[in-house]
Participant: 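What follows is a structure written as structure tokens; I'll ask about it next.
Not measured: the values here are computed from a predicted model. Sequence lines set the chain letters: A, B, ... in the order given, protein chains first and strands last, and positions in each chain run from 1. The figures here come from the full heavy-atom set of this structure, side chains too, leaving out hydrogens, waters and symmetry mates.
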Amino acid sequence: MAGREVTQGWIPAFAGMTRRFGKGLPKGDGVGRGLTAWRAAAERLRGAWSPGYSVAAAVAVLLILGFLPFVKMGLVVNGFVLGAIIATGAIGLTLIYGNLNFANIAHGDYMAMGAYVAFFVVTDLLSAVGIQGQGFGPFTFGYPLLIALPLAAAVVALGAVVLDVAVYRRLRNRKVNAVVMAMASLGLAIAVRGLIQIIWTGEKLQFPRESRQVYHLPMDARIPPDSIFIAGLAVVLVVGVYLLLTRTKIGKAMRATADNPDLARVTGIPTERVIWATWAIGGGLAAIAGILLAVFQAQLLPSMGWEFLIPLFAAVILGGIGNPYGALVGALVIGVSMEVSTQWITPSYKHAVAFIIMIVLLLARPRGLLGRSS
Amino acid sequence: MALLEARDIVAGYGETQILHGVSLVVNEGEIVTIIGPNGCGKSTFMKAVVGLVRVRTGSVTFRGTDITDYPPERVVRTGLCYVPQSANVFPSLSIRENLEMGAFIRGDDARARIDEMFGLFPDLARRPTARAGSLSGGQRQMLALARALMLDPVLLLLDEPSAGLSPAIMGMVFERIREINATGVALLLVEQQAREALQVSDRGYVLSGGENRLEDGGPALLDNPEVARLYLGG
Amino acid sequence: MAGIYAVFALGLNVHWGYTGLFNIGIAGFFALGAYTAALLTSPAADPLLFEEFVFAGDWAQLGVLDLGVDLWFLVALAAAGAACGVVALIIGYVTLRLNDDYLAIATLGIAESVRLFFLNEKWVANGSKGLYQIPQFLEGWLPSDKYNYLYMVVVIVVLVALFALVQRVMQSPWGRALRAIREDEVAAAASGKNVFRFKLQAFVLGAVIMGVGGALFAHHIRFVSPLTFDPLLGTFIIWAMLMVGGAGNNLGAILGAFVVWGLWVGARFLPGELSDPNFRFFMVGVLIVAVILLRPGGILGELRRVTRRAAGRSAVRLDDG
């Protein structure tokens, strides 16, 4: 019996799993006890949890990490920027996950679509009417991109709603299970990417850009002005989503529908409209995330969205599915880890790092870092 | 005139048919209770009425309108509100937000009505920003009632309002039910606590095996020896 | 080619069609299988021909002595399957206890990690340049222009063997248990089935089959590089094959592979825009969505008596908890 206790408590994973299956947690050995204490602390925190709180905590932890002597500050700063982009995508993804109850595998490709639509707006549409320019202020891109941002967001938002009506709603009415929905989104992901390749070919593209000086920060960190723009816009969007979810009727209805769709219906909430709002917000945020990613990486590729799925889902899962604040924290954690990892291992392993963090955290906390214990 | 009239409802899930033709009438201002053994289709009947379960044959008429094929969000607009048995509040929303959601389809400002509800359920008024998920069972039940009342319904359907509650709180719930009824709202209850429910009811129905078994006045059913033996625990 | 894809479709059928496991990282197993086989059979390169040709070990030399070149091919097939099986075991062990969707993300992660591994670790398999001149099975028996027919026979033999295996397995009590899990996991668990164990076994079995497919592929194309296994040809098209043919039906999976591959290759000869590879890419996605919407059972659907019951379940939600 004692032996069993040790093995059960030994790997946190199994402690988590046994808890999930309701077998109770052995408290025999030290690791188990430490874990229990930690979990209790987390539980207590969750009671008084607020979005501002969680972000502050994550930022604090990550900054402490940044000031460790063996971590380059510049990488942490970069990580925050990458995290901001992931967050912009992941918040939309987690809302869709929570409200429609399936993993939208096409989310990355919605991002890519947003970037390409913005590219079209900047290089074709606006320049056709004589608006063009690059090197706006301290940024590498021109002010036309600022016009393209909302336009692309609107186009992708609309596209997401149209696809919902054309595909997902029909599946909903048929009451298929979540995996079939995800399957359909895989099909759409392929189709969207195919469409991008048909229109813009599979070649690398760039927004019209001009090289710009980077800013120097203390601790030998450098930050390109573009990154400040990315982070600033992401913060604005996150605050916007927060206000939407807590202050507006449709936002509250979105949360209600995520909680319990059937109850929402019998309460009189028009769940179809709520779902459209979710798609519109998720799609719009995805488009902006795609544009920001294209600015960050200084290139557009049809595969950029698909490859970004791993960090996106890692952030969503880390934060607990359906929890936008969790997704934000998860995104920052993933973003910083991905960047900081490049100090020791080849940068091209970044996505694998995101994947491994996700797996490890899944083992420790199957419901995510801030997961609700329902 | 009958407020709600369900005629020969046949419904079920997938290939399993649960209701084999249930008929029921609720008149204005009445409290009507459905009792019956577990699995007899009481809850399914309610879901069929509000549109969560499709009615295969039969009809539901409410205030003279045929609402048989209405989806739930449309049924609500006719003045018929439904409180499911469990999971009947939005746990991640605050008390106030739950009530706001209850008033989603009201055009006007819901604030006045929310204050009325806080008057009726002073327990809820104490912490309007508390998350519904953190409430006790009884408080949740009150919140669910209040949420359904936000729309000034003509008829309220309650699926086992006493489920999982302690006897004291259960008494309070039935107290509230009577108060709600006194304001002119008709109620249709499904109850396991047959004795308590029938005591407050004008009439009662006994379902069994997805079919009507008995129908009588509330007190009369209480006195019926067969009902007493089967459903009231002797 | 279609035959090789049919092997993958079979493997995916074990995952999705029978067990309901959502694997969107087939490319990972594909690549792993192909690389394993390639590494095992490739001789050390002639340094004069390929200056920078590096890869781990010269395994075939060892094999040649003992087994003869051609038996070594079979070893490669087995090893490819085993490699995938081991990876699937590890990943499955971690993720199969969790939510269904996590597996999808995890498989995606495997695919990406495998790709990055072979891309970055140049010492293993020549990095992005890939391995070329992979030896063929029974090379030299027939003139090279007829060789493809021989290999076709080999592929078909393997395919038929796997088909028979999967068919048998799925009709066994074990296969029935898998289907029970797919339809209603909770009920299956309640009736005393160790859901996790069954899922893990199915996941490993499917992955092994995919590994064998990867090995067959490597010996056919004779060239593998990290770019060979893109999501389109490594994952998406296989999904299209299974969906078209009919999930849950092995014959359907094979038929779907032939039909979709036929369309894919055939479309090359269409006039103008229609033959554009990007357009075909787009159509693969449309095809999947169309099949889900219009003919969820595929061409040869499985007789699904149970599924419709599952459909009504969402309506019962309010009763839960």
Participant: Please name the residue in the list A/K252, A/R247, A/R255 that meets the salt bridge (Lys or Arg N to Asp or Glu O under 4.0 Å) test with B/E100.
Facilitator: A/K252

Participant: Do A/F102 and A/Y168 make the cut of ring centroids closer than 6.0 angstrom?
Facilitator: yes

Participant: Which pairs pass salt bridge (Lys or Arg N to Asp or Glu O under 4.0 Å) with one or both residues in residues 64-87 of chain B, sequence neighbours excluded?
Facilitator: A/R265-B/E73

Participant: Please determine, among B/I105, B/N88, B/L93, the option with the most heavy-atom pairs under 4.5 Å with chain A.
Facilitator: B/L93

Participant: Can you tell me which portion of B/V89 sits under 4.5 Å from chain A's heavy atoms? Options are side chain, backbone, both or neither.
Facilitator: backbone

Participant: With a 4.5 angstrom heavy-atom cut-off, could you sort out which part of B/L151 is near chain A: side chain, backbone, both or neither?
Facilitator: side chain

Participant: When heavy-atom pairs shorter than 4.5 Å are enumerated against chain B, which of A/A256, A/P270, A/A264 gives the highest number?
Facilitator: A/A256

Participant: Looking at residues at least two apart in the chain, or sitting in another chain, which of them share a side chain to side chain contact (heavy atoms under 4.5 Å, CB included) with A/E272?
Facilitator: A/R169, A/R172, A/I275, A/W276

